[in-house]
Amino acid sequence: MIQTLAIIKPDGVKRGLIGDVIKRIEEHGLRIVAMRMMLLSKERAEFFYAAHRGRKFYDSLTSFMCSGPCLAMVLMGENAIGRWRELMGETDCTQAAEGTIRRDFATDIQKNVVHGSDSEAAAIFEISCFFNRFEISA
């Protein structure tokens, strides 16, 4: 079974979308095997998004991710990365397919409610940013 990181971003938490997102995760056949609500520090957000350092959206993205609490989760299931990415939809909500989280709930390209790992290597790194192996009930 594959694991992936999922985050409900500050805009999703603030708008009360946690229940809606979790319901979709479970209906999509993915299991939540770890969960933590947290307020990211600027340093943690910069470390987490280090792959985007130097891009024009990096500073606004890291500031946004520190603007309020977020909910980090480890999801597990067959092809969890691909299934979670399909459920999230395209980063740009105007390009996301009907019925995806971002199409239904996002307000713009940055305030797009959720984050998900884009590969197995990214999932391993991203999960380790939020959880240790003893916190995951796989």
Side-chain angles (χ1 to χ4, degrees):
M1 290 291 187
I2 300 290
Q3 294 180 343
T4 190
L5 184 77
I7 300 175
I8 302 176
K9 295 180 178 182
D11 59 317
V13 172
K14 183 178 181 178
R15 293 175 47 215
L17 297 173
I18 292 172
D20 293 312
V21 172
I22 289 174
K23 181 177 182 188
R24 289 181 185 213
I25 288 168
E26 291 177 335
E27 288 175 346
H28 214 65
L30 295 167
R31 284 188 6 203
I32 299 169
V33 295
M35 182 183 301
R36 171 177 289 135
M37 179 83 75
M38 62 180 52
L39 184 60
L40 295 180
S41 66
K42 184 70 167 172
E43 294 78 23
R44 185 177 237 176
E46 288 173 346
F47 178 76
F48 182 75
Y49 286 108
H52 299 299
R53 187 171 280 127
R55 294 185 176 170
K56 66 179 185 173
F57 60 85
Y58 176 76
D59 288 331
S60 64
L61 174 61
T62 56
S63 293
F64 164 65
M65 289 301 291
C66 300
S67 68
C70 61
L71 183 69
M73 298 173 281
V74 178
L75 307 181
M76 189 166 148
E78 186 88 21
N79 187 26
I81 295 167
R83 288 169 58 201
W84 174 233
R85 294 192 67 74
E86 179 182 314
L87 182 59
M88 287 190 307
E90 295 291 327
T91 303
D92 181 349
C93 59
T94 64
Q95 302 298 312
E98 293 289 331
T100 62
I101 292 168
R102 289 175 171 158
R103 177 64 172 250
D104 293 346
F105 300 120
T107 57
D108 64 46
I109 197 164
Q110 190 169 68
K111 293 179 181 159
N112 61 12
V113 182
V114 289
H115 166 87
S117 305
D118 63 5
S119 67
E120 284 190 51
I124 291 166
F125 167 75
E126 292 179 353
I127 289 168
S128 75
C129 289
F130 296 97
F131 301 95
N132 69 52
R133 65 187 176 98
F134 300 109
E135 298 173 307
I136 301 171
S137 63

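Every heavy atom of this structure was used, including side-chain atoms; hydrogens, water molecules and symmetry mates were not.
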Between [atom1] of [X] and [atom2] of [Y], what distance do you get to the nearest 0.5 Å?
X: Ile22; Y: Met73; atom1: CD1; atom2: CE; result: 5.5 Å
X: Leu75; Y: Leu87; atom1: CG; atom2: CG; result: 9.0 Å
X: Gln110; Y: Asp92; atom1: CD; atom2: CG; result: 12.5 Å
X: Leu40; Y: Ser67; atom1: CG; atom2: OG; result: 9.5 Å

Checklist entry - Lys9 pairs by side chain to side chain contact (heavy atoms under 4.5 Å, CB included) with which of Leu71, Leu17, Asn112, Val114? => result Asn112

Item to check | With Thr62, the side chain to side chain donor-acceptor pair (under 3.5 Å) member among Glu46, His52, Lys42 | outcome: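 Of all the options given, the one that passes is Lys42.
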
Checklist entry - Do the ring planes of Phe48 and Phe125 sit parallel (below 30°), tilted (30 to 60°) or perpendicular (above 60°)? => result parallel

Checklist entry - Can any side-chain N or O of Arg24 pair as donor or acceptor with the backbone N or O of Met88 at less than 3.5 Å? => result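 Checked: no pair found.
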
Next on the checklist: Does atom CD (Glu135) have a neighbourhood of more than 12 heavy atoms from anything else shown, all under 6.0 Å?
Outcome noted: yes

Item to check | Over all atoms of both residues, closest heavy-atom pair of Met76 and Met1 | outcome: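 Residues Met76 and Met1, closest heavy atoms: CE-CB, 3.5 Å.
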
Next on the checklist: Do Leu5 and Val113 sit in one hydrophobic cluster, given that two such residues count as connected whenever their side-chain heavy atoms are within less than 4.5 Å of each other, even indirectly?
Outcome noted: no

Checklist entry - Side-chain heavy atoms under 4.5 angstrom apart, residues restricted to Ile, Leu, Val, Met, Phe, Trp, Tyr: same cluster for Phe105 and Trp84? => result yes

